[in-house]
Number of protein chains: 2
Amino acid sequence: MSRWKPDAQGRLMSAAIELFDEQGYEATTVAEIAERAGLTKRTFFRYFSDKREVLFSGSHELQRVWLEGVAAAPTDATPLAVVAAGLDPVAEMFTERHDFARIRAGIIDANPELQERELIKLQNLAGAIKAALVERGVSPNAAILAAQAGVTVFHVAFAHWVEQDDPTAFRRLMDESLEELRSVTAA
Amino acid sequence: MSRWKPDAQGRLMSAAIELFDEQGYEATTVAEIAERAGLTKRTFFRYFSDKREVLFSGSHELQRVWLEGVAAAPTDATPLAVVAAGLDPVAEMFTERHDFARIRAGIIDANPELQERELIKLQNLAGAIKAALVERGVSPNAAILAAQAGVTVFHVAFAHWVEQDDPTAFRRLMDESLEELRSVTAA
DNA sequence: ATCTTGATGACACCAGGTGACATACCCACC
DNA sequence: GGTGGGTATGTCACCTGGTGTCATCAAGAT
């Protein structure tokens, strides 16, 4: 029997989501989160760099999955097609987490600080995708624009997805956004 | 003779830029900024909602100018052309502020918190442009994607502009980004 | 049995941010 | 020319996010 209960990080994340959902993000202190998880404030900050981060540790997995999709794209695909190749595994990853995503989205939606964090995570994601494109020989300019476009498509589709009831609709919604972007940018 | 020196807000902004440039953003306290401006910490927070905001109060003007350009676009222009109509006045507005923009960009570049604020300002800008497009009869989906695309083009071009020496190059750089986006999203 | 390692707690501290109240000038009005 | 209200600022107390530092205690290695 180990000295501490297992999965401290997971307990902190769960406690945080619960409290944010119950009382709101701002009204919840880090000390409260830690207490509910049976830990102290100091330990919270050992697992998360700041209070917001407890809602965003999953972004690493999103990036991993997307980049795997990108890596699997055919060599001769256009830059945007390479980026879009990440959308399949991403949609799959999210489909089972519709309920969680909705709660989390509701919390983020109500708090500008959290929206800021979300945007910089998406920006980092775009940067990583850009790097992968450059690695494949795409020019830096085309790479950043294709990556940003893909991330925007994801972001717009995500917002629609959490607002409706069908967990399996994500892939379709992303395709629709992508098509809309193509039509809008057609000279 | 009035009781207080004029332009408290401007003095705070100048003091902040100076100190951030001299010692870095994090190493500068709000109390220091206020002191250099001959005011108190409490007064700083009467003018700016938080420490970061002192670098971003100009974003309101960017939005105003861009939306004026959008409003002046021909009725039959495509959504992206309407958005792009804002780039002309925006380029003009920035051309005279190249030096200032560089210093400010350097500060923001060195601080993730400031990048977050920048991103949410751009997001708000995109939201305002989207609303203007919807007002003109564009569908919400096309509007958000066109607005986001335009803001991304601006952002990418801005980054290039501050990294080179010709203050008048902004308009050309935005056109190049726009062209690159068109070419990248062409099916 | 002792040592080392790693996760946690305890505590003090700083800086960002806010609420409440005091102060002193300006101006309008009588 | 006093008087009263409005407004910008100062003062002070306070909370919370975030960090540095040291102590503690169990698990496993030697």
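Residue numbering restarts at 1 for every chain, and letters A, B, ... go by the order of the sequence lines. These values consider heavy atoms only, across backbone and side chains, with no hydrogens, waters or symmetry-generated copies. The structure displayed is predicted, hence computed values, not measured ones.
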Would one find a side-chain N or O of T43(A) under 4.0 angstrom from OP1 or OP2 of dG9(C)? yes

Between the side chains of K121(B) and E118(B), is the shortest nitrogen-to-carboxylate-oxygen separation below 4.0 Å, so that they form an ion pair? no

side-chain hydrogen bond (donor to acceptor under 3.5 Å, both in side chains) assessment of N141(A) paired with S139(A): CA-CA 6 Å; N141(A) 270 330; S139(A) 83; 5.8 Å; no

Just by protein heavy atoms under 4.0 Å, how would nucleotides 10-20 of chain C read 5' to 3' in B, S and -? B-----BBBBB

If I take atom CG in residue L12(A) and atom C1' in nucleotide dG17(D), what distance separates them, rounded to the nearest angstrom? 15 Å

Which residues pass the side-chain hydrogen bond (donor to acceptor under 3.5 Å, both in side chains) test with E176(A), sequence neighbours left out? R172(A)

Nearest heavy-atom approach of R11(A) to A37(A) is NH2-O, 2.7 Å

Distance test, side-chain N/O of Y47(B) to OP1/OP2 of dA8(D), below 4.0 Å: no

Stacked cation flag R104(A) on F56(A), 6.0 angstrom / 45 deg: yes

Atom CD of E113(B) and atom C1' of dG18(D) are separated, to the nearest Å, by 11 Å

E61(A)/R97(A) ion pair, N-O < 4.0 Å: yes

Whole angstroms only, please: what is the CD-P distance between E35(B) and dT9(D)? 17 Å

Rounded to whole Å, CG of L39(A) lies from P of dG18(D) at a distance of 17 Å

